[in-house]
There are 2 protein chains.
Amino acid sequence: MNTADLGLPVEVPSTALFTDQYELTMLQAALKAGTAERRSVFEVFTRRLPHGRRYGVVGGTGRVLDAVTNFRFDAAVLAFLGERGIVDEPTLKWLADYRFQGDIWGYPEGEVYFPGSPLLRVEGSFAECVLLETVILSILNHDSAIAAAASRMSSAAGGRPLIEMGARRTHELAAVAAARAAYVGGFATTSDLAAGFRYGIPTVGTSAHAFTLLHDQERDAFRAQVDALGPDTTLLVDTYDVEEAVRTAVEVAGPGLGAVRIDSGDLLLVAHRVRQQLDELGATKTRIVVTSDLDEYAIASLAAAPVDAYGVGTQLVTGSGHPTCSMVYKLVARAESADPAAELVPVAKKSSSGKTSIGGRKWAARRLDKYGVAEAEVVGTGPVPEELADRQLLVQLVKGGEVVAREPLDAARERHIAARGNLPLSATQLSRGEPVIPTEYLHLPSGS
Amino acid sequence: MNTADLGLPVEVPSTALFTDQYELTMLQAALKAGTAERRSVFEVFTRRLPHGRRYGVVGGTGRVLDAVTNFRFDAAVLAFLGERGIVDEPTLKWLADYRFQGDIWGYPEGEVYFPGSPLLRVEGSFAECVLLETVILSILNHDSAIAAAASRMSSAAGGRPLIEMGARRTHELAAVAAARAAYVGGFATTSDLAAGFRYGIPTVGTSAHAFTLLHDQERDAFRAQVDALGPDTTLLVDTYDVEEAVRTAVEVAGPGLGAVRIDSGDLLLVAHRVRQQLDELGATKTRIVVTSDLDEYAIASLAAAPVDAYGVGTQLVTGSGHPTCSMVYKLVARAESADPAAELVPVAKKSSSGKTSIGGRKWAARRLDKYGVAEAEVVGTGPVPEELADRQLLVQLVKGGEVVAREPLDAARERHIAARGNLPLSATQLSRGEPVIPTEYLHLPSGS
C-alpha cells in the first residue's frame, strides 16, 4: 500500500497559498518592470544556530520537494487572488501557468549544518524562485528544529529507543511533520497515527490513565487490556500506587508482561524500584518505559537507570527550547536577463544592522582531518579546491522542474547517524557551546 | 464567496488520524470488556499557566468544532488500521460507524482562562469521547499558545495595528492556524494568503529586500513597485542606506507615499529619524511600519516612537517563549453503564507525583467585585451558587453531536477584548507574575 496515494491531507492539492502576500506583489511589480525573468539564485542559510547548540540537522527536504511539485494556482485560488485584488490580471494569467522549471540543490535531508551553510539553492527566473520562499522556509524552519532536538535526545538515549508522542502539544498537522523529523533525528516510533499512515513510521501506544479510571478496579482495567491486546502489552502503573500496580500487573499478565509504563514521579528512583520488583516477581524480561516531561537532559540523567525506552512529547515537538530555526531565503546573485549566458552578479543587503548576507552563488564542503573527523565547514564562491571536490555537500534535488532526488525516509535517518558520527566527539555534549566546527569562507567576492 | 467551501487543505476530509494510537487500543480493550459505553465526562484544563503569565486565552474552539464534525473513519483509514494490526475487526466495525453524538461545553473562543479552568467538557460514552483527546488537545494547546502571545502583543501595541507575518517560521499549516489565533488575540492582518483564503482574515504585504536587489538601482525597484502597486504602497527602506532610501522613496512615490518599512537596526532611533525626514519632505501622512524580530517587550519599548504599525513573525508563531500550553484531557467522572440515570462517579488519578487531577463534572464562573472587575475564577461541582448563576463561563458547543455554537471569527476577537478588559489592570503588565485572579474551588467531592 502506497500511503502517499491515500489522500491524507498532509499531501495537499496545492501549496501555493502557503505564501506571504508580498511574494505575489513583488512578482506583479517585476512583471510590469520587465525584471521578472532575470536569472536569479536564492539561497537558504542561517546566520546562527540556536544559542548553545553545536550543530543543526536538515529536516524537511523531502517535504520541500512535495511542496514545490504541488505549487500550482488552480481556479479557486486565482479567483480568491483576483476578487481580493491582491494581484492584477496579467499576474493572475502568469500564475495560472506556473510550474517551477528551475533547479534546486541542497544539503540532503539528515545532513548536519552550521552557520552560513548554504542549505538550499534555488535557481531560475526571479519570478519562479521568489514565489517559493515562504513555503520552503516554513518547512525547513519547522522540521529542522524538530530534527535537531530529536538528534540531541537520541544521542542522550544511547541505544535505547525513543517514542515520539507529542501530537497533542502542537498543531495537528505540524505533529505529523514533527513525527517525520523526529524519525530522521533518530526516534524509533511515534504515537501519531497520521504519521504512520502518511510516512510509514512505526506506531505504538496502549493506554492512558483514563482507561484505568474507567474501570471499578485497577485490576479490571489491566485484565481488560491484557484480554484485548495480549500479555505483551504495556500496562500503565502509576494511576494509584505503583508498587501495588506492578504486583497486580504481573498477576494479571503473568511474568511474560511486555512492559510497564511510568508517567510521573521521580523516574530514576521509581525505575530502580520497579525493576527490582519485576525481577523478584520473575518478570525479568518485562521492559520499563518512562514518559514524563522528558527532554535530552532528563534522558541523559536516566542513563544509569534500568529504563528500556523513553517516550517524549512536549519537548520534542517544541524543539526543546528552540521551536524554529532562523533560516532565511535570500537573493544572492542575479543576471541582467533570462539569458543563460548572462553574467550572474552577486548581490547582498548592505546595512549596518548586522542582518547582512554574503552575495554570490555558493558551494559548501566539509573538510576532514587526517582521522576522518570533520574540522571545518567550508563555504565558497568560485571554483571548488581540488582537495574538497569529493567532500561537497550540495546535491541536486530538482533539475529543470523535475525532482531527481526522492528517497525513502530511512535514507535520511541513516545519513544523519553517519553525519553526526563524523563530527568531533564534543558535538554530542548537551551543554551549551559554540558550533562544533567553524565555518570558513573561500573566494568570496570582494566587498562582501 | 464562502472560502470554507473552496477546498483548502486546512479543511481536511477526516481528522480521525490526528490521534494517538492508544486512544484506539483503549477503545478496543473497553469494547471487549463491556465498559466502552459507560457514560463519561472528560475535561480539558491546565494545572498552570506558562511561567509568569497573568492569564491564558482560549484559541481554537472553532477549529475543534470542525475537527469533531470531520472525525470519521473512511475506508482508506480503516484499511490502514486493519493492515497494520492496530485494532481488531470488531473495533474496525465500530469505528466505521463512528459519529460523535455526545455533548460538548466549553469556554467560548477568545475568553480568558486560569489554572484549573474547565476549558472544555466532553460528555458521552467513554468510547466516543476518548477518541477525541489527541486532536482536541493539539488544536487547543497550539492555538491558545498563539492567542495568548498575540494578546500580550496587542496590549503592548495600544491602538496601533499588528501584522502577523510568521508563516515562514512555523509549519505551513500551523501558520494558518496561528494567523487565525493571532486575529482572535487582537492582530489586525496577516501576510499568510492561506489564512486570508480560509478564514477571511485581511491580508497585507508588498516587498522584500530581494526585490530591491533584483534591480540595478534602489530607485528602479521603488519605481517598479509604485508603478505596479500605486503610491499608497509600503516601500522597504533598509536595503542599503535608510536616509537615502527615504529620500528616493518620496521622490519616486511623491508625498502621498503610503508607508515605509524598516526591518533592521535600532528601531527606536531609526523611526524617529525617518519620521523627521518624512515630515521635512512633506510626506507627513506616510506611515512607518517596523518589522524586525519584535516581541511584546520590543513593541512596548517603541510606544513613544513614531511607529504606525508593527509586523511580528517568529515570536508570535512560537508563542513568545511558550509555543504550547499544558492542557490535558482527563476523565473526571463516569457511570457504571450507558444509562442516563446512572450516577456519575467522580474519578481522578491519585499519585504522589503532583500530576493529580480533581474529579467530578465541573462548572466555572468568574466572580466580579463591586466595580465589575474580575476577582476570582470559581470552579465547582454540584449546584452553582445563585450569585454566580449569570457569570457562568461554559456554553454549550455541541448537543447530541450537532454543533450549536458556530460563530464568525470576529465574535471571538471582540469577546477577547471584552474579557481582557474585565480583568484587573495588572493583567496587561508584561512582567512576570502570578495569575491575575486566583482560582477558587467550591463543592468539590470529598477526598479530592
Side-chain angles (χ1 to χ4, degrees), chain A residues 6 9 12 17-22 25-26 28-29 32-33 35 76 80 126 134-135 137-138 141-142 167-175 177 191 193-194 197 203 205-211 213-214 224-225 227-229 238-240 264-265 318 323-324 331 334 347 349-351 353 355, chain B residues 6 9 12 17-22 25-26 28-29 32-33 35 76 80 126 134-135 137-138 141-142 167-175 177 191 193-194 197 203 205-211 213-214 224-225 227-229 238-240 264-265 318 323-324 331 334 347 349-351 353 355:
Chain A
L6 287 177
V12 298
L17 280 177
F18 299 136
T19 298
D20 287 323
Q21 177 165 309
Y22 77 7
T25 47
M26 284 192 277
Q28 175 175 324
K32 187 150 187 183
T35 48
F80 164 74
F126 175 82
T134 311
V135 73
L137 288 178
S138 289
N141 272 321
H142 175 268
R168 66 190 54 195
R169 299 294 179 198
T170 186
H171 181 276
E172 65 276 20
L173 276 153
S191 65
L193 290 170
F197 182 90
T203 58
T206 56
S207 66
H209 296 113
F211 188 75
L213 296 172
L214 171 69
Q225 186 175 328
D227 283 352
L229 306 176
D238 70 337
T239 305
Y240 306 111
S264 56
T318 57
T324 187
L331 181 68
R334 48 91 185 152
V347 295
K349 177 176 189 301
K350 302 267 174 60
S351 80
S353 66
K355 270 193 183 179
Chain B
L6 287 178
V12 299
L17 279 176
F18 299 136
T19 298
D20 287 323
Q21 177 165 310
Y22 77 6
T25 48
M26 284 192 277
Q28 174 175 325
K32 188 152 187 181
T35 48
F80 164 75
F126 175 82
T134 311
V135 74
L137 288 178
S138 289
N141 272 320
H142 175 268
R168 66 190 54 197
R169 300 294 179 199
T170 187
H171 181 277
E172 65 277 20
L173 276 153
S191 65
L193 290 171
F197 182 88
T203 58
T206 55
S207 66
H209 296 113
F211 187 74
L213 296 172
L214 171 69
Q225 186 175 327
D227 282 352
L229 306 176
D238 70 337
T239 305
Y240 306 111
S264 57
T318 57
T324 187
L331 181 68
R334 48 92 185 150
V347 296
K349 177 175 190 298
K350 302 267 173 61
S351 79
S353 66
K355 269 195 186 178

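Within every chain, numbering begins at 1; the chains are lettered A, B, ... in the order of the sequence lines, protein sequences first and strands thereafter. All figures in this text were calculated on a predicted structure; none of them were measured in a lab.
- Within the 4.5 Å cutoff, no side-chain heavy atoms of A/Phe211 are placed close to those of B/Thr25.
- Formation of a donor-acceptor pair under 3.5 Å by the A/Lys32 side chain with backbone atoms of B/Asp227 is found in this model.
- Residues B/Leu173 and A/Phe18 form a side-chain contact, since some pair of their non-hydrogen atoms from C-beta on lies under 4.5 Å apart.
- Of the atoms belonging to B/Ala175, not a single heavy atom falls under 4.5 Å from chain A.
- Highest contact tally toward chain B, considering only A/Ala208, A/Ser138, A/Ala228, A/Ala174, is held by A/Ser138 [criterion: heavy-atom pairs under 4.5 Å].
- Of the inter-residue distances, the one linking A/Thr318 atom OG1 with B/Asn141 atom CG reads 11.0 Å to the nearest 0.5 angstrom.
- Contact count versus chain B (heavy atoms, under 4.5 Å) is highest, among A/Thr206, A/Val135, A/Thr134, for A/Thr206.
- Within the 4.5 Å cutoff, the side chain of B/Lys349 has heavy atoms near those of the A/Asp238 side chain.
- Contacts of A/Ala210 classified as side chain to side chain contact (heavy atoms under 4.5 Å, CB included), with partners at least two apart in sequence or in another chain: B/Phe42, B/Phe126, B/Leu331.
- No other option in A/Ala224, A/Pro323, A/Ser207 has as many heavy-atom pairs under 4.5 Å with chain B as A/Ser207.
- Between the OG1 atom of B/Thr170 and the NE2 atom of A/His142 there is a distance of 5.5 Å, given to the nearest 0.5 Å.
- The shortest distance between side-chain heavy atoms of A/Arg169 and B/Leu137 does not fall below 4.5 Å.
- Here B/Leu213 is the residue among B/Thr19, B/Leu213, B/Val347 with the most heavy-atom pairs under 4.5 Å with chain A.
- Within the model, atoms CG of A/Leu193 and CG of B/Leu17 stand 6.0 Å from one another, a figure rounded to the nearest 0.5 Å.
- For the residue pair A/Thr203/B/Gln21, the side-chain donor-acceptor check at 3.5 Å is satisfied.
- Residues A/Ala177 and B/His171 approach most closely at CB-CD2, 3.6 Å, considering heavy atoms.
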